[in-house]
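Working notes for the structure below.
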Amino acid sequence: MAEVQTFAADDGCRIAYRFDGPESAPVLLLSNSLGTTMEMWAPQMAAFTQRFRVLRYDSRGHGQSDSPAGAYSMDRLGRDAVLLLDAVGVERVDFCGLSKGGMVGQWLGVRAPERIGKLILANTSAYMGPPSGWQNRIEGVLRNGMGPLAEASIARWFTPDFPSRAPEAVAPIREMLLACDPSGYAGCCAAIRDMDLRPTAALILPPTLVIAGSQDPSTSVADGRWLADRAKDGRLVELDAAHLSNVEQAQAFADIVLDYL
Ligand SMILES: O=C(O)CCC(=O)CC(=O)O
């Protein structure tokens, strides 16, 4: 049975990961969004493991990974993904990341394209300014913890009636957010605060599918189209969802990813 394992990144931060699916299958690497864990991919696991050996990890600051104090950077988060591949001895993967995970994907597409077959960037953006908004969020979470963020986050992550229509899908996501280490969450907020991947977006080399949510107030369809227009071989697909489109449109998300791969 698959279990969560850990490896140490080059600064000693322990990163948690797990494999699921047939050992002989090609590897699909999944990267989580801000305030969630590798369990955010639960709605796709049955479908993805039909064809792939799925490698999921908790981004530093999240889940069972360490949460070092201080600001992280997108370089740091991108290097963690490369170091994970090195640690498990996998040379090349297909990649799917949502929001912050998609920012890591943009970084990989430019900085480590030789490690990536196809890239799927869901509900993400090359820039999420202004920095002052992130700074306020960092100060708030370090002062007051995760609790006060929860309901506003859920309201951005799902369309208005989804939580009452599918409480069983939303409850685990709320739990992940509330269990998040405030210092790890703040570290990742700093990485987004300081991120501007726009100057290098045209250097994304792998074939790229961008998935956008037509009702996503965090990373818009326009943000997704902007990326798809710049990636060397980019394409855009829209789902009727808010930010966590893989939870709200679980089957459609899985079908789109598997069709593309
Ligand atoms: O979701 C992410 O990974 C980063 C973007 C974000 O903060 C979305 C949100 O909380 O609305």
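Index from 1, following the sequence. Each ligand, and each atom within it, is numbered from 1 in the order the structure gives.
With respect to Asp58 and Arg18, no salt bridge is recorded, no charged nitrogen being found less than 4.0 Å from a carboxylate O. Ion pairing of Asp94 with Arg51 is absent here, as no side-chain N (NZ or NE/NH1/NH2) approaches a carboxylate O to less than 4.0 Å.
Checking Asn32, Leu34, Ile192 against atom 3 (O) of ligand 1, the nearest heavy atom belongs to Leu34. Nearest-residue assignment for atom 1 (O) of ligand 1 (options Arg137, Met103, His243; heavy-atom criterion): His243.
Residue Lys100 has at least one heavy-atom neighbour below 4.0 Å for each of these atoms of ligand 1: 2 (C), 3 (O). Heavy-atom contacts of Ser218 reach the following atoms of ligand 1: 8 (C), 9 (C), 11 (O) (cutoff under 4.0 Å). Within ligand 1, the atoms closer than 4.0 Å to a non-hydrogen atom of Met128 are 5 (C), numbered from 1 in the order shown.
Taking distance alone, with nitrogen or oxygen atoms compared against 3.5 Å, Ser99 approaches ligand 1 more closely than that limit.
The local environment of CD in Gln64 is sparse, with at most 12 non-hydrogen atoms from other residues, nucleotides or ligands closer than 6.0 Å.
No part of Ser153 comes within 4.0 Å of ligand 1, judged by heavy-atom distances. With a 4.0 Å heavy-atom cut-off, ligand 1 is reached by the side chain of Arg156 but not by its N, CA, C or O.
Residues Tyr260 and Pro207 approach most closely at OH-C, 3.1 Å, considering heavy atoms.
Between Trp134 and ligand 1 there is a heavy-atom distance shorter than 4.0 Å.
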Do any side-chain atoms of residues 225-235 form donor-acceptor pairs under 3.5 angstrom with protein atoms, and if so which ones, sequence neighbours left out?
{"unit_1": "Arg230", "atom_1": "NH1", "unit_2": "Trp226", "atom_2": "O", "d": "3.0"}

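For the 3.5 Å distance criterion, the side chains of Asn123 and Ser245 qualify, holding a donor opposite an acceptor.
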